[in-house]
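The structure under discussion appears below in the form of structure tokens.
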Number of protein chains: 2
Amino acid sequence: MADLLNLNRLVYFTTVMETGSFTSAADRLGVAKAVVSHQVGRLEEELGATLLQRTTRRVTPTEDGRLFYDRAMIILREAESAYGEISQAAVEPSGTLRLTAPLDYGTRVVAPVMAAYLKAYPQMRVEAIFDDAVSNLVDEQIDLGIRVGWLADSSNQARRLGTIQQIVVASPAFAADLPADANPNQARSLAWVGNAQLRGVGQWLFSKDGDTVLTELNPVVVCDKSPAAYACVIAGIGLGIFPDYAVDEDIVGGRLVRIFAQWTLPTGGIHAVFPPARFRPAKVRAFVELLAAAERKRARGVARG
Amino acid sequence: MADLLNLNRLVYFTTVMETGSFTSAADRLGVAKAVVSHQVGRLEEELGATLLQRTTRRVTPTEDGRLFYDRAMIILREAESAYGEISQAAVEPSGTLRLTAPLDYGTRVVAPVMAAYLKAYPQMRVEAIFDDAVSNLVDEQIDLGIRVGWLADSSNQARRLGTIQQIVVASPAFAADLPADANPNQARSLAWVGNAQLRGVGQWLFSKDGDTVLTELNPVVVCDKSPAAYACVIAGIGLGIFPDYAVDEDIVGGRLVRIFAQWTLPTGGIHAVFPPARFRPAKVRAFVELLAAAERKRARGVARG
DNA sequence: TAAACTGTCTGATTTAATCAGACAAAAGCA
DNA sequence: TGCTTTTGTCTGATTAAATCAGACAGTTTA
């Protein structure tokens, strides 16, 4: 069935109908006139009917030809619109954006970006899956995943949006009990709140001016959800390690105090990962741009703070 | 514009959507799966958008893909219907048949065939142009021309349907005044009614058993329309030469008498001529078949009579 | 009558489509 | 964990299609 009709020939025929001659049709299409003659001939052959009566001087459509022209124009217009719609979708965001992000990063960073995104593209809809669990982008039909930390699998394409800093914090009350010269070397003897979601729960590499201290922590509490661990730290259970975006506000607000401020922990990355696809829809590209801008802005804020 | 969209690729994409895999789509289409992969890839390239997310195991349509599938199906259905309609028109008569025929042949032979044609194909419409004038088939958009006598131009395609016999007739009263042994040698001295439409008004070649007589006639009246000349002969003005189909009835009815019955004049042909076209519509073919059948039947009748 | 223009044809060339087979990745099975 | 099967894609060679430039006969115009 597919072999019998070659839809590409329609445009040759309709152009001849519109221009009234093979020569001018060839002109308009930018091909040799022999091509138009050949293609229309093949079309007639496929249909088993004559569409155009041609003398050396004049081209006249047959009844079939007039009939078929109307049908062909509907097809071509429909095709043009379909192609245009999709091609434009590659330029102008449309439809629904499904994204996933870690819960804390989602609430702190992604949510505001979503607001900006929806304001910029009011026709869009967003489905956000905020979960620390790493889900399969293809199975879940997710357009965009945001991963914080270190990328595990790399079958997906990814783009680095920014950097996160791991920060050791404690509640002001807990911090007050610490010795003034506290440093990572005493880490094992302190009370920690562990976060099962973050990699390296077991060992942490502190560094400061070339010195490095690799130490194991001794969590008195381990939570499998970041917000829960965070709440434990706020409550003064112990020290916690969290990404900068999670603690910024509470440090500024005085609800948390930074510990070991002179020391740094390994930095992680903030990545946008995409399902395997040759072309990225505009809706995804637009969101990633906004998110990257927010990340840049946040990085400047962290640098200042 | 034409270069940017290759409509033939649509069927590859839609088949993948329907079968859910490139392999089974290739199966259904009867091509190598590499072809499906390549064609869908090119389609996505043309659109600048990804339609299908493919892992090695599963094919999932993107939102664009689902959107485009609906559009593509509309296009393909429309195309199939358009092709089918025209192709069927090449098989089943439809539309309007425009034909032209000489006035007398039209009224005597074509009109009854038209009745049979419309009975066989009630959906058809016929526009008949009965006129001895030879009209241009292309300019007048005529599907079928019927020419009696000798074909002049041959830029059109033609098919011979039958033979006409030129017959010398006179009214019974006029015939009664003729000598019993009248023969073509005395033709110049007799009163003739000329018909400007028929070729050879000036000279006629009579033959009988090998003998031939080439003689000029001496018309006392020349008419430019066959029916007029015919009426003159009926009225007893003189001898006339008419095709067999025109005089058969009146000879049987006794209103005319055949003269020089032993002699024959050059036979002419009855031709169906068609505008230049590669394929002949079914509506034309069907009519010509009926006409040819009528001609064969008439030929048998003439032979008997 | 000459010149311009029509649609078609021809042979050569270029481009696209296609195939068979190989391949890595993923899923199912042992 | 290995092994097999199945997935979509890739590769190089082959085949088919499209295309072009130029020639041609028929028609119209000047």
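Letters go in sequence order (proteins before strands), and every chain restarts at 1.
- Taking only side-chain nitrogens and oxygens, A/T23 comes nearer than 4.0 Å to OP1 or OP2 of C/dG7.
- Contact check, B/S21 against D/dT6: no side-chain N or O comes under 4.0 Å of OP1 or OP2.
- Between B/Y12 and C/dT18 there is a side-chain N or O to OP1 or OP2 distance below 4.0 Å.
- Between B/N6 and C/dA17, a side-chain N or O to OP1/OP2 separation shorter than 4.0 Å is present.
- The listed nucleotides are D/dA18, D/dG8, C/dT10; the one nearest the side chain of A/A34 is C/dT10.
- Look at CG on B/D27: it is 11 Å from P on D/dG8, rounded to the nearest Å.
- For A/F130 and A/Y105, the ring centers are positioned 6.0 Å apart or more.
- Using a 30° and 60° split on the angle between ring planes, A/F13 and A/Y69 fall in the perpendicular class, above 60°.
- Distance from the side chain of B/H38 is smallest to C/dA17 among C/dA17, D/dA23, D/dT19.
- Residue B/R9 places at least one side-chain N or O under 4.0 Å from the OP1 or OP2 atom of C/dA17.
- Counting any heavy atom pair closer than 4.0 Å across all strands shown, A/V59 reaches sugar-phosphate atoms only and no base atom.
- Nearest-nucleotide assignment on DNA chain C puts the 5′-proximal partner with A/R58, out of B/V31 and A/R58.
- Relative to the six-membered ring of B/F274, B/R280 meets both conditions, a distance below 6.0 Å and an angle of at most 45° to the axis.
- Rounded to whole Å, atom P of C/dC19 lies 10 Å from atom CG of B/L29.
- Judged by distance alone, with hydrogens and angles left aside, the side-chain atoms of B/T14 form no donor-acceptor pair with the main-chain N or O of B/M73 at under 3.5 Å.
- We find that NZ of A/K33 is positioned 10 Å from P of C/dC5, with the value rounded to whole Å.
- Ion pairing between A/E289 and A/R159 holds under the 4.0 Å rule for side-chain N and carboxylate O.
- Going from atom CD of B/E45 over to atom P of C/dA16 covers 11 Å, rounded to whole Å.
- In this structure, A/F22 atom CZ and D/dG26 atom C1' are separated by 16 Å, rounded to whole Å.
- Protein atom CG of B/L52 is 15 Å distant from nucleotide atom P of D/dT7, rounded to whole Å.
- One interatomic measurement links the two molecules: CZ of A/R54 to P of D/dT27, which rounds to 16 Å at whole-angstrom precision.
- Between B/E44 atom CD and D/dG8 atom P the separation is 13 Å, expressed in whole Å.
- The side chain of B/Q39 contributes an N or O atom lying less than 4.0 Å from OP1 or OP2 of C/dT18.
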